[in-house]
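Please read the structure below before turning to the comments.
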There are 2 protein chains.
Amino acid sequence: MSVGGSVAERAGAWASVRDRLRERGLRWTPQRRLMVDVLAQTDGHITGAELVERCRELDPATIPSTVYRTLDVLEQLGVIRHGHGRDGREEFHVLPQNEHGHLFCSGCSGSWDIEAPEASPLVRALRRQRGFAVDLSHLTVVGVCEDCSSDRGVARRS
Amino acid sequence: MSVGGSVAERAGAWASVRDRLRERGLRWTPQRRLMVDVLAQTDGHITGAELVERCRELDPATIPSTVYRTLDVLEQLGVIRHGHGRDGREEFHVLPQNEHGHLFCSGCSGSWDIEAPEASPLVRALRRQRGFAVDLSHLTVVGVCEDCSSDRGVARRS
DNA sequence: GGTGCAAATGCAAGAAGTCGCATCAGCCAC
DNA sequence: GTGGCTGATGCGACTTCTTGCATTTGCACC
Ligand SMILES: [Mn+2]
Ligand SMILES: [Mn+2]
Ligand SMILES: [Zn+2]
Ligand SMILES: [Zn+2]
């Protein structure tokens, strides 16, 4: 399930989490409420460890295993989606306005978003050749950026 | 540095590791010799944890931190290259005959290789638009395969 | 064959999760 | 409001990997 881009839709998505859980026979607990509060104030990306930390600031009794399990549930609801950062660790896209992947340079550690139009050559090729539907949020491409390859990855430009 | 595809080139690449280390002022130790022996008998992919285990079978005194540090060194020599598996953990391509990425279905847990021709639409688009050189060995694409999307990801076909 | 320096190792502590299990508590029915 | 079912939490053990530091050892040079 995807979430729309307007401010109202974003606010609505968070407000509806409680009801969406109950519809599925799942429960609305103080721990989940805290996590949703923190996520609603988060823009862009967050790792599990970062979320544990931010929840602990508000409630020091926060338990990591509960946070990680709830992240799984929230992803099933479609309110967050994970990709993988430079080191392969999961990073959650929090209500992404526009679905995107990530591009990392292994030379300079730079990173850029990959928007849908840029990914479409791959997405279309896999769809046509295999009927495979690529998850763009989950796409992480690594390589060497233009600056780093002309620098040979080491020298500083003048 | 990339390694060729013939049997002779593969054997040669392993045999030259000792000299390639020394050229760089690095050392050839019993621990490194063991790891190279194990890797030379490995086809395809291996994780750090798997390599630790296989080294321990031959030398129970094997220490994980030594293995992980040596994997970094061997990757710098170009004799292995890492990508990321389904869970984001590093997986090392051991003397890959043909460089390839991986495609994972999140519905059925299926996986397939992505060979260069299939990746070339993405590789060319990023090269043209950004001058970015994609590392195909490092590419992991996740999504839903044809069977899983026609099944709605759950039903069994008749 | 010794010597010395820098690289590598072993070890221990810690980070980031994951999992099983006993206990707790949301929530639906009454 | 109470009770009870079942899902969620807390907790502890474990996995996989990382890092700092003291100690060891490869190897270039003589
Ligand atoms: Mn990587
Ligand atoms: Mn993933
Ligand atoms: Zn760069
Ligand atoms: Zn599938």
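Below, read A as the first sequence line, B as the second, and so on, with proteins coming before strands; counting in each chain starts at 1.
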**OP:** Tell me whether Val134(A) is reachable from Val142(B) by hopping between hydrophobic residues (I, L, V, M, F, W, Y) whose side-chain heavy atoms are closer than 4.5 Å.
**Re:** no
Subject >> Between dC27(C) (P) and Glu23(A) (CD): distance, integer Å >> reply: 13 Å
Original post:
Between Asp87(A) (CG) and dA15(C) (P), how many Å, whole number?
Top reply: 16 Å
Original post:
Of the nucleotides dA16(C), dA7(C), dG26(C), which has the atom closest to the Pro30(A) side chain?
Top reply: dG26(C)
**OP:** Say whether Thr140(B) and Arg86(B), considering side chains only, have a donor N or O and an acceptor N or O under 3.5 Å apart.
**Re:** no
**OP:** Pull out every residue in residues 32-54 of chain A that has a heavy atom closer than 4.0 Å to any atom of DNA chain C, ordered by number, or say none.
**Re:** Ala49(A)
**OP:** Using only heavy-atom distances, decide whether a donor-acceptor pair under 3.5 angstrom links the side-chain of Arg69(A) to the base of dA8(D).
**Re:** no
Subject >> Distance in angstrom units between Gln76(B) CD and dA7(C) P, rounded >> reply: 13 Å
**OP:** Might you work through the side-chain contact (heavy atoms from CB on, under 4.5 Å) test for Phe132(B) and Val123(B), ending with a clear yes or no?
**Re:** CA-CA 8 Å; Phe132(B) 189 97; Val123(B) 171; over 6 Å; no
**OP:** Take atom CD of Glu90(B) and atom P of dG17(C), then tell me their distance rounded to the nearest Å.
**Re:** 15 Å
Original post:
In terms of ring plane angle, is the pair His102(B) and Phe104(B) parallel, tilted or perpendicular, where the classes change at 30° and 60°?
Top reply: parallel
Subject >> Donor-acceptor pair under 3.5 Å, Arg27(A) side chain vs dA8(D) base >> reply: no
Original post:
So, Glu91(B) versus His82(B): side-chain donor-acceptor pair below 3.5 Å or not?
Top reply: no
Subject >> For Leu71(A), the option from Ile46(A), Thr66(A), Leu51(A) that meets side chain to side chain contact (heavy atoms under 4.5 Å, CB included) >> reply: Leu51(A)
Original post:
Rounding to a whole Å, what distance do you find between Arg18(B):CZ and dA28(D):C1'?
Top reply: 13 Å
Subject >> Check: Thr29(A) side chain, Arg32(A) main-chain N or O, donor-acceptor pair, under 3.5 Å >> reply: yes
Original post:
With respect to the side chain of Gln31(B), which nucleotide from dT6(D), dT9(C), dT16(D) is positioned closest?
Top reply: dT9(C)
Original post:
Taking the side chain of Tyr68(A) as its heavy atoms from C-beta onward, which of dA8(C), dG17(C), dT9(C) lies nearest to it?
Top reply: dG17(C)
Original post:
Is Phe92(A) close to Leu39(A) at the side-chain level, that is, under 4.5 Å between some pair of heavy atoms?
Top reply: no
Subject >> Protein-nucleotide distance (Leu21(A), atom CG; dA8(D), atom P), rounded to Å >> reply: 8 Å
Original post:
Does a sphere of radius 6.0 Å around CZ in Arg130(B) hold more than 12 heavy atoms from other residues, nucleotides or ligands, not counting ones at 6.0 Å or beyond?
Top reply: yes
Subject >> Whole-Å gap separating P (dA16(C)) and CD (Glu91(A)) >> reply: 13 Å
Original post:
Using a cut-off of less than 4.0 Å, is there contact between a side-chain N or O of Thr29(B) and OP1 or OP2 of dT9(C)?
Top reply: yes
Subject >> Value in whole Å for how far the C1' atom of dG7(D) lies from CZ of Arg22(A) >> reply: 13 Å
Original post:
Hey, are the side chains of Asp135(B) and Glu99(B) touching, using non-hydrogen atoms and a 4.5 Å cut-off?
Top reply: yes
Subject >> Stretch residues 58-66 of chain A: residues that reach within less than 4.0 Å of DNA chain D through a heavy atom >> reply: Ile63(A), Ser65(A), Thr66(A)
Subject >> Shortest side-chain distance from Arg89(A), nucleotide among dA28(D), dG7(D), dG17(C) >> reply: dG17(C)
